[in-house]
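See structure below.
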Amino acid sequence: MRLLRSDSMRNGEPELFTRLFRKPKEAPDTMTAPPDRTVLSGGRHLRHELKYVINEGTYMYLRSRLLPLMSPDEHSTDGSYRVTSLYFDDVYNSCYWQKLNGGEVRRKFRIRAYGLDPSFISLESKHKDESYVSKLSRRLTEEQYRELLSGGCSFMAEQDGEEDVFGEFYRTDRVMKLRPRVIVDYQREALVYPFGHVRITFDSKLSACFNTMDMFSPGARYTRIFDKEIILEVKFDNYIPDSIQAALQCINAPMQPVSKYIICTDRMLEVRSYG
């Protein structure tokens with residue numbers, strides 16, 4: 001996974017370097033996840049996703065070009081909103097290693113809340129299928145959220161649909177034992193365009209919580225990971241309209257497979273190892 005160095009720049013953008021933690025000796029070289037029983041032509045909506053890490057100057061310039069063309073996301077408050085996600089991984093950390101090893105077919109599970117509002121919590125599974133991404137989502141009650149935190153998921157036992165995130169989570173947990181790993185937090189500004197179903201997001205103030213796995217805990221303390229760097233994501237179905245493509249030409253950063261989960265997990269390992 002490529003992580004940011006704040007003291008190095010290239011072409012006005014943050015330069016990246018590779019920092020991989022040593023793989024535990026007891027972990028096998030290749031992890032095989034349970035078969036993915038979802039059907040690509042079913043409930044999941046396949047989309048393209050492009051990611052970049054840009055600086056504030058590029059963000060301001062790109063935003064000024066996109067605002068006349070696109071509309072703010074309807075859920076935005078004062079232009080942006082807070083996103084907090086609790087990521088899960090199995091006993092082998094398969095999600096972590098599959099991402100680092102460049103696996104083209106993989107998935108990850110997370111619980112997501114907006115504005116840390118406990119009245120709207122969702123469980124999501126995000127799939128990577130070669131050049132496509134897709135997502136399944138389902139609302140959680142606070143009681144179900146607490147059960148997942150404690151390592152239980154019995155309320156999902158009857159959910160076995162091919163395109164149901166509860167069924168996916170339950171089957172995976174029965175084989176691989178999913179557990180909470182890290183809380184990721186950031187501020188998101190989202191712009192949307194109806195043709196091509198284009199959605200462009202700017203994620204800033206990336207932070208992680210290391211002292212608890214409960215995102216709603218009053219004692220949760222967040223460590224800032226990115227100060228000035230901004231993660232740009234461009235999602236679309238089959239095409240990007242010419243006007244938006246032209247606006248995106250100002251990006252002078254390389255496209256890269258940025259993973260907030262990997263970045264924050266590596267930082268957590270670093271903090272626990274070196275303080």
Side-chain angles (χ1 to χ4, degrees), residues 21 24 26-28 31-38 81-99 106-127 135-186 206-223 225 259-273:
F21 282 81
E26 64 271 16
M31 294 297 179
T32 303
D36 187 350
R37 297 174 60 187
T38 59
Y81 52 92
R82 182 179 181 181
V83 182
T84 308
S85 301
L86 171 61
Y87 284 86
F88 288 76
D89 211 335
D90 59 42
V91 293
Y92 302 111
N93 292 317
S94 300
C95 180
Y96 179 89
W97 292 114
Q98 287 169 0
K99 173 65 176 180
R106 59 183 186 272
R107 69 181 167 195
K108 57 189 173 187
F109 294 98
R110 66 194 178 200
I111 294 175
R112 175 159 287 186
Y114 298 93
L116 282 182
D117 180 2
S119 68
F120 191 98
I121 315 169
S122 60
L123 174 67
E124 300 179 350
S125 65
K126 186 173 181 181
H127 294 241
K135 184 172 70 173
L136 288 175
S137 179
R138 187 162 171 175
R139 290 281 296 273
L140 290 172
T141 66
E142 189 167 357
E143 181 180 358
Q144 291 170 338
Y145 165 73
R146 296 292 170 189
E147 184 173 341
L148 288 175
L149 279 187
S150 64
C153 58
S154 59
F155 64 90
M156 300 178 178
E158 302 302 319
Q159 307 296 327
D160 198 36
E162 294 293 331
E163 291 291 341
D164 187 283
V165 64
F166 279 10
E168 279 192 15
F169 190 100
Y170 185 79
R171 291 190 297 269
T172 305
D173 179 71
R174 294 303 88 188
V175 178
M176 307 292 277
K177 299 299 181 185
L178 293 167
R179 294 295 181 266
R181 285 292 183 259
V182 68
I183 297 175
V184 175
D185 185 87
Y186 52 91
L206 178 65
S207 304
C209 179
F210 306 140
N211 70 315
T212 180
M213 291 298 165
D214 181 5
M215 66 175 72
F216 302 110
S217 170
R221 297 193 303 272
Y222 288 86
T223 299
I225 308 297
S259 169
K260 300 181 184 75
Y261 169 62
I262 297 294
I263 293 172
C264 291
T265 298
D266 280 349
R267 179 58 176 152
M268 179 177 65
L269 293 173
E270 185 179 71
V271 168
R272 291 179 176 176
S273 298

*Would you say M215 and I111 make side-chain contact, with heavy atoms under 4.5 Å?*
yes
Value for CZ (F155) from CD (E147), rounded to nearest 0.5 Å, stands at 5.5 Å
Quiz prompt | Polar side-chain atom of D90 near backbone of C95 as donor-acceptor pair, under 3.5 Å | solution = no
* pair R171-F166: side-chain heavy atoms closer than 4.5 Å -> no
Next item on the list: Applying side chain to side chain contact (heavy atoms under 4.5 Å, CB included), run through L148 and L86 and close with a yes or a no.
Entry: CA-CA 11 Å; L148 288 175; L86 171 61; over 6 Å; no
Value for CD (Q159) from CZ (R138), rounded to nearest 0.5 Å, stands at 4.0 Å
Just by modelled atom types, is the T141 backbone N or O under 3.5 Å from a matching donor or acceptor in the Q144 side chain?
-> yes
*Is the cationic atom of K260 (NZ for Lys, CZ for Arg) positioned less than 6.0 Å from the six-membered ring centroid of Y186 and within 45 degrees of its normal?*
yes
Output for pair (K135 NZ, R110 CZ), nearest 0.5 Å, gives 5.5 Å
Residue set satisfying side chain to side chain donor-acceptor pair (under 3.5 Å) with Y145, at least two apart, ordered chain then number -> D214
To the nearest 0.5 Å, atom CD1 of I183 lies from atom OG1 of T223 at 11.5 Å
dist R221:CZ -> S207:OG (nearest 0.5 Å) comes out at 14.0 Å
Residues passing the side chain to side chain donor-acceptor pair (under 3.5 Å) test with S122, sequence neighbours excluded, are none
- Query: Are any non-hydrogen side-chain atoms of V83 and R112 less than 4.5 angstrom apart?
  - Reply: yes
Checking F169, Y96, F109 against F88 for ring pair (Phe, Tyr, Trp, His ring centres under 6.0 Å), the one that qualifies is F169
- Would you say D185 and C209 make side-chain contact, with heavy atoms under 4.5 Å? no
Judged by modelled atom types alone, do T172 and R107 share a side-chain donor-acceptor pair under 3.5 Å? yes
Looking only at atom types and distance, does a side-chain atom of E142 sit under 3.5 Å from a main-chain N or O of P118, one as donor and one as acceptor?
no
Lys NZ or Arg CZ of R82 over Y222 ring: under 6.0 Å, within 45°: yes
Could you tell me whether D173 and R179 have a side-chain N and a carboxylate O separated by less than 4.0 Å? yes
If you define the side chain from C-beta out and look only at heavy atoms, does anything of E168 sit under 4.5 Å from H127? yes
E270 versus D266: any side-chain heavy-atom pair under 4.5 Å? no
CZ (R181) and OG1 (T265) are apart, to the nearest 0.5 Å, by 9.0 Å
Can R174 and C153 be said to form a side chain to side chain contact (heavy atoms under 4.5 Å, CB included), step by step?
CA-CA 10 Å; R174 294 303 88 188; C153 58; 3.7 Å; yes
- Is the shortest side-chain N to carboxylate O distance from R146 to E143 below 4.0 Å? no
Tightest non-hydrogen contact, residues G219 and N211, listed as O-ND2, 2.9 Å
Using modelled atom types and a 3.5 Å cut-off, is there a donor and acceptor pairing between side-chain atoms of S85 and backbone atoms of Y87? no
